[in-house]
Amino acid sequence: MPEGHTVHRLARTFTDLFGHQALDVTSPQGRFAAGAALICGHTLVASEAWGKQLFLGFAPPSPSPTETPDPTAWLRIHLGLYGAWTFSTDGSTAVVHAIGAPRRRIGERETTLPGQDVGPFGGVWVPPEPRGAVRVRLRGAHAVADLTGPTACEVITPAEKAAVEARLGPDPLRPDGGHASVDAAREAFVAKVRRSRVSAGQQLMDQSVIAGVGNIYRAEALFRAGLDPLRPGRDVDAGTLRALWDDVLGLLHDGVAHGAIVTTRPEHRGIDESPVPQPPGRRRTRQNGDGAPGAVPEDQSLYVYHRDGLPCRVCGTPVLTKDLAGRSLYWCPACQR
DNA sequence: GCTGCATGATGAG
DNA sequence: TCATCCTGCAGCA
């Protein structure tokens with residue numbers, strides 16, 4: 001799944017492509033037909049992310065176009081493991097993203113797309129047919145967004161949105177961390193981790209502890225912190241956790257900026273040409289970034305995630321993996337204590 | 001063509 | 001801890 005950085009990028013993309021527009025909302029697949037009808041024709045007036053949750057705020061068309069009304073309904077989306085948004089535009093919008101699940105499809109890379117077909121009457125844009133099981137299609141003046149495979153897709157009230165947010169931990173990417181202040185958000189994270197004997201690795205994946213961290217950022221941030229993922233939270237000193245929060249913030253921020261997760265420092269890249277053969281059929285991190293020129297190559301972006309059996313980029317010790325609460329954990333047993 | 005996997009979360013036992 | 005849900009695609013035969 002997209003981790004927090006991706007969802008924040010998505011929130012921005014929705015503002016760019018659809019902000020202040022009355023949207024046609026449909027469910028080509030049919031499973032969301034009732035929900036779509038609730039907001040169809042309403043105006044997108046807000047687009048927010050909190051951790052991995054995306055909230056699109058809608059209000060009935062306003063008689064006063066100069067004023068942005070508060071949302072009366074929110075579309076809550078959680079992409080889960082497989083969810084993805086695919087965007088198409090009429091070409092008038094410079095950049096389009098296709099953001100979501102860890103896979104690549106034609107038209108799903110983050111690139112500038114050529115203009116779509118011109119309609120039969122000239123200049124009338126005809127969006128492409130929905131491809132696959134499209135739960136929701138949002139259509140604005142110049143773009144469509146198709147959603148497939150979400151874990152959550154529902155229309156909720158402002159009160160229900162508040163209830164969802166109340167269950168989430170602080171999100172480093174939110175301006176105030178989702179708390180009274182960034183400092184309060186960080187201290188809430190530190191305190192919660194230290195309150196429990198559950199391992200640091202498991203707690204980092206707990207969205208009520210810190211929102212937005214997924215399996216890649218977990219593995220990478222713990223490596224960069226030199227912290228053993230299996231160490232009980234209560235045994236990690238507060239300073240280490242504060243530094244961990246700050247590092248996660250930086251990594252997420254870079255992820256938002258570049259659309260890719262890159263955690264390696266320059267001096268630790270380019271050393272993968274080791275004699276260690278890649279096992280055949282080895283699963284690898286799939287979509288991560290846009291392959292832009294100058295971008296860090298995918299096989300040099302990460303320290304430990306999906307690198308089990310390969311030598312640690314820092315000390316050469318083979319990277320280990322282990323199932324932890326149903327998710328694969330990766331770490332260097334020598335660097336992480 | 002078929003199978004297993006994936007950057008996730010939830011509910012039951 | 002397990003089963004389950006959501007979907008597309010890579011890796012096979």
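In what follows, chains are A, B, ... by sequence order, proteins preceding strands, each numbered from 1.
To the nearest whole angstrom, the two P atoms, one in dG13(B) and one in dC5(C), are 15 Å apart. Distance check on atom P: dT10(B) versus dG8(C) gives 23 Å, rounded to whole Å.
A close approach under 4.0 Å does not occur between any side-chain nitrogen or oxygen of Gln207(A) and OP1 or OP2 of dG8(B). Within the 4.0 Å cut-off from OP1 or OP2 of dG8(B), not a single side-chain nitrogen or oxygen of His78(A) is found.
Here the P atom of nucleotide dA9(B) and the CG atom of Leu324(A) are 14 Å apart, to the nearest Å. Following rounding to the nearest Å, Gln202(A) (CD) and dA9(B) (C1') show an atom-to-atom distance of 13 Å. If you take CG of Asp206(A) and C1' of dA9(B), they are 11 Å apart, rounded to a whole angstrom. Per the geometry, CD1 belonging to Ile77(A) stands 16 Å off C1' belonging to dC5(C), to the nearest Å. Across the protein-nucleic acid pair, Glu3(A) atom CD and dA6(B) atom P stand 14 Å apart, rounded to whole Å. Distance CG (Asp323(A)) to C1' (dA3(C)): 14 Å, rounded to an integer number of Å. Remark: C1' of dT1(C) and CZ of Arg327(A) are 16 Å apart, rounded to the nearest angstrom. dG8(C) atom P lies 9 Å from atom CD of Gln29(A), rounded to whole Å.
At the heavy-atom level, Glu220(A) lies nowhere under 4.0 Å from the strands shown. Across all strands, Arg31(A) comes closer than 4.0 Å only to sugar-phosphate atoms, never to a base (heavy-atom distances). Residue contacts shown for Arg135(A) are limited to sugar-phosphate atoms, with no base heavy atom under 4.0 Å away.
Among Glu48(A), Glu160(A), Glu165(A), Glu154(A), the single residue meeting the salt bridge (charged side-chain N to carboxylate O under 4.0 Å, His left out) criterion with Arg76(A) is Glu154(A).
Ring-plane geometry between Phe223(A) and Tyr303(A) is classed as parallel, the angle between the planes falling under 30 degrees on a 0 to 90 degree scale with a further cut at 60.
The existence of a salt bridge linking Arg137(A) and Asp24(A) is excluded, since no basic side-chain nitrogen approaches an acidic carboxylate oxygen closer than 4.0 Å.
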ask   = Can you check salt bridge (charged side-chain N to carboxylate O under 4.0 Å, His left out) on Asp228(A) and Arg337(A), steps first, answer last?
value = CA-CA 5 Å; Asp228(A) 179 354; Arg337(A) 294 289 170 184; over 6 Å; no
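Note: Phe14(A) and Phe87(A) meet the aromatic proximity criterion, with ring centroids under 6.0 Å apart.
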